Amino acid sequence: MQPASSMVPPPMAAAPQYQQQWMPQQPQQAQPAYQVPPPQQSGYYYQQPPPQGGAPPPQQQQQSQCTASAAQPTSADEIRTLWIGDLQFWMDEQYLYNCFAQTGEVVSAKVIRNKQTQQSEGYGFIEFNSHAAAERNLQAYNGTLMPNIEQNFRLNWASLGSGEKRSDNGPEYTIFVGDLAADVTDYMLQETFRANYSSVKGAKIVTDRATGHTKGYGFVRFGDESEQLRAMTEMNGKFCSTRPMRIGPAANKKSAGGQMQG
DNA sequence: TGTGAGCGC
């Protein structure tokens, strides 16, 4: 049980000049020397079994080996890339790749950098070999601890790079949630509310950009205003993880539903 | 206690 030295963040060192994209030298390599332990399946109560009846199990479902002329995404179903945010400055392409390498489904990893300073912009993209693989990794890793740092993966579908994403249906109504414990993740907060309110669209824990540590508060977005209002009273004081939540109205600076007046 | 922000040349 020795931590791989290549995964340890450098104390302070100038970042070397990396390529814009990183991928393994051999795509069908048996097993890389570096291995990342799988994410801790803590078995949260909000984990739900995969839906059955319709979708085949995500096993070795070999799609057609898209070799050359089949690389034209015609719809959003073909998206195979995930967006990853809240990256530290030392998290390079190889670090990201190693995070998902044990699944054997990652194709490439990329950190977006400033062209002049080569410093990380704090986000990147992970490309997988199929849409199903990307979705599996999104579900498995999002909200779990990243290697060698007390910070959670913040993953999402890469939407803006591949054309139009399916537009949201209608306005959103956001609430502020404070007094959150340090281990509360986006997904945990979202599912805590979704268990009671079907119109929950998502949740966001606010983290410090420099350290990636939570600031102890976040936001939950609803699609239905009545559920937003109900949640503000019904969920106030309810426990999420180890602490009771304190809920208040969100001071939306962007287009909210209709709660702003004057 | 406290009111985010994140899409690639």
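Since we're looking at a predicted model, the values are computed, not measured. Within every chain, numbering begins at 1; the chains are lettered A, B, ... in the order of the sequence lines, protein sequences first and strands thereafter.
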Provide the full list of salt bridge (Lys or Arg N to Asp or Glu O under 4.0 Å) pairs with a residue in residues 227-237 of chain A, sequence neighbours left out, each pair given once.
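Only A/Arg230-A/Glu234 qualify under salt bridge (Lys or Arg N to Asp or Glu O under 4.0 Å).
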
Nearest whole angstrom, please: distance from the [atom2] of [N] to the [atom1] of [X].
X        : N     : atom1 : atom2 : answer
A/Trp22  : B/dG8 : CH2   : C1'   : 19 Å
A/Trp157 : B/dG8 : CH2   : P     : 18 Å
A/Ile84  : B/dG8 : CD1   : P     : 16 Å
A/Ile247 : B/dT3 : CD1   : C1'   : 14 Å
A/Gln228 : B/dT3 : CD    : C1'   : 14 Å
A/Gln118 : B/dC9 : CD    : C1'   : 13 Å
A/Gln190 : B/dG4 : CD    : P     : 21 Å
A/Gln116 : B/dC9 : CD    : P     : 12 Å

Comparing A/Arg243 and A/Gly85 on DNA chain B - which has the more 5′ nearest nucleotide
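Its nearest nucleotide being more 5', the pick is A/Arg243.
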
Name the residue closer to the 5' end of DNA chain B, choosing between A/Asp186 and A/Gly248 according to the nucleotide with the nearest heavy atom.
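Looking at DNA chain B, the more 5' nearest nucleotide goes with A/Gly248.
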
Under the salt bridge (charged side-chain N to carboxylate O under 4.0 Å, His left out) rule, collect the residues that match up with A/Glu150, sequence neighbours excluded.
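Salt bridge (charged side-chain N to carboxylate O under 4.0 Å, His left out) list for A/Glu150, sorted by chain: empty.
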
Is there a path of hydrophobic side-chain contacts, each under 4.5 Å between heavy atoms, that joins A/Val107 and A/Phe153?
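No, because A/Val107 and A/Phe153 fall into different hydrophobic clusters, even though each may have its own neighbours under 4.5 Å.
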
How far does CG of A/Asn98 sit from CE of A/Met91, to the nearest 0.5 angstrom?
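Output value for this atom pair is 12.0 Å.
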
If you round to the nearest 0.5 Å, how far is CG of A/Asn137 from CG of A/Leu82?
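Nearest 0.5 Å value for the CG-CG distance: 7.0 Å.
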
If you check the [X] side chain, which of [options] turns out closest?
X        : options             : value
A/Trp83  : B/dG6, B/dG4, B/dT3 : B/dG6
A/Ala250 : B/dC9, B/dG6, B/dT3 : B/dT3
A/Tyr217 : B/dG2, B/dG6, B/dG8 : B/dG2
A/Arg246 : B/dG6, B/dT3, B/dG2 : B/dG2
A/Phe219 : B/dT3, B/dC7, B/dG6 : B/dT3

Which way is the base of B/dG4 turned, syn or anti, if we draw the line at 90° from 0?
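Here B/dG4 takes the syn form, which means its glycosidic angle is within 90° of 0.
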
Are the ring of A/Phe176 and the base ring of B/dG2 both nearer than 5.5 Å at their centres and tilted by less than 30°?
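A/Phe176 ring does not meet the centre or angle cut-off for B/dG2; no stack.
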
Does B/dG8 have A/Phe125 stacked on its base, where the ring centres are within less than 5.5 Å and the planes differ by under 30°?
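Stacked: centres under 5.5 Å apart, planes under 30°.
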
How is A/Lys204 classified with respect to the nucleic acid when contacts are heavy atoms under 4.0 Å: base, sugar-phosphate, or nothing?
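Result for A/Lys204 = base.
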
